[in-house]
Amino acid sequence: MKKMETTLCLLRRNEEILLAMKKRGFGEGKYNGVGGKIEGTETPEATMLRETKEEIGVTPIQYEKVGVVSFDEFYKDEKVNLIFHLYMVTEWEGTPAESEEMQPKWFSIDSIPYNQMFPDDKYWLPLILEGKKIDAYFDFDEEWNLLSKDIKELSD
């Protein structure tokens with residue numbers, strides 16, 4: 001099975017979280033954090049910094065890796081193992097702005113649009129917002145039906 005590594009970055013200010021509507025490509029029409037594929041010899045941290053700048057025009061300053069989530073899912077009609085390194089950003093330079101790929105929007109933590117997000121987000125995102133760190137696994141079929149999940153909370 002093909003393996004892909006990516007990053008996902010969430011900006012948080014007080015009781016709000018920044019999500020971005022994907023405007024094209026994989027995940028189009030869904031809200032998500034920002035991030036993308038690790039390129040070449042990049043570290044997950046370097047990828048997160050690059051992608052956040054490219055997608056919403058901000059540079060993370062204060063951030064923490066809060067988890068790793070892996071999936072067996074269908075990507076371009078092929079079952080792949082996708083791993084994303086998850087970061088929470090609490091301080092950044094710049095103002096989140098729309099790009100060709102993403103349209104950012106702030107949401108109150110108690111009104112996150114889970115129905116417009118990937119089906120796994122409702123399982124792990126509340127844990128991250130509570131300050132927990134996770135190691136999670138999800139298995140999906142071609143229609144994004146959840147076949148299995150395993151979420152472990154990590155101690156510091």
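We use all heavy atoms of the structure for the numbers below, so side chains are in, but hydrogens, waters and symmetry mates are not.
Taking the ring centroids of Trp144 and Phe138, they lie at or beyond the 6.0 Å cut-off. You'll find the ring centres of Phe118 and Tyr31 outside the 6.0 Å limit.
The pair Lys122-Asp120 does not meet the salt-bridge criterion, since no charged nitrogen lies less than 4.0 angstrom from a carboxylate oxygen. Look at Arg12 and Glu16 and you find no salt bridge, because none of the NZ, NE, NH1 or NH2 atoms lies under 4.0 Å from a carboxylate O. Comment: Glu153 does not engage Lys133 in a salt bridge, judged by the lack of any side-chain N to carboxylate O separation of less than 4.0 angstrom. A salt bridge does not link Glu100 to Lys23: none of the charged nitrogens lies less than 4.0 Å from a carboxylate oxygen.
Counting only distance, with no hydrogens or angles, the side chain of Gln116 and the backbone of Pro113 share no donor-acceptor pair below 3.5 Å. Side-chain atoms of Tyr137 never come within 3.5 Å of backbone atoms of Phe71 as a donor-acceptor pair (strictly under, hydrogens ignored). Under a 3.5 Å cut-off, the side chain of Lys79 and the backbone N or O of Phe140 do form a donor-acceptor pair.
With contacts defined as side-chain heavy-atom distances shorter than 4.5 Å, the pair Phe74/Val80 does not qualify. In this structure the side chain of Ile134 never reaches within 4.5 angstrom of the side chain of Lys152, judged on heavy atoms. Side-chain contact between Leu82 and Thr6 is present, with at least one heavy-atom pair separated by less than 4.5 Å. Counting heavy atoms from C-beta on, the side chains of Asn32 and Leu19 never come closer than 4.5 Å. Side-chain contact between Ile61 and Tyr63: absent, with no pair of heavy atoms (C-beta onward) separated by less than 4.5 Å. Contact check for Gln103 versus Glu98: side-chain heavy atoms found under the 4.5 Å cut-off. The shortest distance between side-chain heavy atoms of Glu54 and Ser99 does not fall below 4.5 Å. Using a 4.5 Å heavy-atom cutoff, the side chains of Val34 and Leu10 are not in contact.
The number of heavy-atom neighbours closer than 6.0 Å to CG of Asp150, taken from other residues, nucleotides and ligands shown, is above 12. The environment of Lys65 atom NZ is dense: over 12 non-hydrogen atoms of other residues, nucleotides or ligands sit within 6.0 angstrom.
Just one residue in the list Glu101, Glu55, Glu28 forms a side-chain hydrogen bond (donor to acceptor under 3.5 Å, both in side chains) with Lys22, and that residue is Glu101.
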- Message: Is there a side chain to side chain contact (heavy atoms under 4.5 Å, CB included) between Leu129 and Ile17? Walk through the geometry before answering.
- Response: CA-CA 9 Å; Leu129 293 172; Ile17 187 165; 3.7 Å; yes
- Task: Please lay out, stage by stage, how Met88 and Ile128 fare under the test side chain to side chain contact (heavy atoms under 4.5 Å, CB included).
- Result: CA-CA 8 Å; Met88 183 67 72; Ile128 297 303; 3.2 Å; yes
- Query: Would Leu86 and Val68 satisfy side chain to side chain contact (heavy atoms under 4.5 Å, CB included), going step by step from the backbone distance to the final call?
  - Reply: CA-CA 6 Å; Leu86 181 58; Val68 174; over 6 Å; no
- Give the intermediate values and the outcome of side chain to side chain contact (heavy atoms under 4.5 Å, CB included) for residues Lys132 and Leu154. CA-CA 7 Å; Lys132 296 180 173 138; Leu154 304 174; over 6 Å; no
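Judged as a side chain to side chain contact (heavy atoms under 4.5 Å, CB included), and not counting sequence neighbours, the contacts of Asn145 are Asp141, Glu143.
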